[in-house]
Amino acid sequence: QKEVEQNSGPLSVPEGAIASLNCTYSDRVSQSFFWYRQYSGKSPELIMSIYSNGDKEDGRFTAQLNKASQYVSLLIRDSQPSDSATYLCAVSSNNNNDMRFGAGTRLTVKP
Amino acid sequence: DAGVTQSPTHLIKTRGQQVTLRCSPKSGHDTVSWYQQALGQGPQFIFQYYEEEERQRGNFPDRFSGHQFPNYSSELNVNALLLGDSALYLCASSLVYLARSSYEQYFGPGTRLTVT
């Protein structure tokens with residue numbers, strides 16, 4: 001079992017729709033959770049961090065964390081073609097010595 | 001605000017050679033982590049440096065070594081290159097407060113290493 005699992009996609013949504021990206025993790029001591037966006041040929045860019053159960057909103061992005069279910073998700077509202085990218089879920093233990101990444105979900109937003 | 005910088009951008013090496021990659025952290029950051037990202041995969045943690053010492057290491061052989069300098073910049077060295085070392089090497093920086101850790105890591109543009 002991989003430590004961090006994501007659906008590889010591709011996930012395709014029409015412009016203006018809500019894109020829902022999911023991630024599960026296996027290490028119960030994980031305390032810090034991150035979503036990165038990576039455009040083709042570029043490096044990952046931090047979108048959201050979440051540390052407590054519940055929802056965290058930042059503009060069109062909402063991260064949701066459920067530690068009991070070992071599940072973290074990212075919702076993108078009013079999706080735009082510029083949101084087309086690979087979204088990486090990353091998980092870290094409390095000491096932040098390392099981050100473990102999923103393989104990423106490729107999102108395509110069609111005009 | 002200077003972000004994370006890495007050099008070189010691209011590098012082509014021959015199997016068996018050695019390579020050194022460089023990273024300067026974001027202004028104000030003191031911790032540097034290195035990751036290897038193969039095509040189509042998520043980044044894999046190599047090691048992290050803080051206060052010029054290796055804090056933690058991922059599942060990488062001793063051929064991968066590093067260093068952090070007093071100005072917080074860092075180097076990644078890979079000896080005896082293998083074809084499988086071809087990847088995007090990413091440096092990420094963060095800041096560790098005395099009282100509370102900042103967990104967010106910010107990536108540089110990466111170095112694309114090709115081993116032939």
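No hydrogens, no waters, no symmetry mates; every other heavy atom, side chains included, goes into these values. Just so you know, these numbers come straight off a predicted model, no measurement behind them.
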Co-membership, hydrophobic cluster, residues [X] and [Y], 4.5 Å side-chain:
X: A:Ile50; Y: A:Met48; result: yes
X: B:Leu21; Y: B:Tyr72; result: no
X: A:Leu75; Y: A:Leu11; result: no
X: A:Tyr39; Y: A:Leu46; result: no

Exercise. Between the main-chain N or O of B:Gly108 and the side-chain N or O of A:Ser43, is there a donor-acceptor pair closer than 3.5 Å?
Worked result: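 At least one qualifying donor-acceptor pair exists.
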
Problem set entry | When A:Ala90, A:Pro44, A:Ser49 are compared by non-hydrogen pairs under 4.5 Å with chain B, the top option |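 It is A:Pro44.
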
Contact check, side chains of [X] and [Y], non-hydrogen atoms, under 4.5 Å:
X: A:Lys42; Y: B:Phe107; value: no
X: B:Glu104; Y: A:Phe34; value: yes
X: A:Leu88; Y: B:Pro43; value: yes

For this session: Please find out if less than 6.0 Å separates the ring center of A:Phe101 from that of B:Tyr35.
Result: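 Yes, the ring centres sit under 6.0 Å apart.
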
Exercise. Contact part of B:Gln37 toward chain A, heavy-atom cut-off under 4.5 Å: side chain, backbone, both or neither?
Worked result: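 Contact with chain A: side chain only.
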
Exercise. Crowded around B:Leu39 CG? As in, over 12 foreign heavy atoms under 6.0 Å?
Worked result: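 No.
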
Exercise. Take atom CG in B:Asn59; do more than 12 heavy atoms of anything else shown fall under 6.0 Å from it?
Worked result: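 At most 12 heavy atoms, drawn from other residues, nucleotides or ligands, come within 6.0 Å of this atom.
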
For this session: Measure A:Gln38 against the heavy atoms of chain B and call it side chain, backbone, both or neither at under 4.5 Å.
Result: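 Just its side chain gets close to chain B.
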
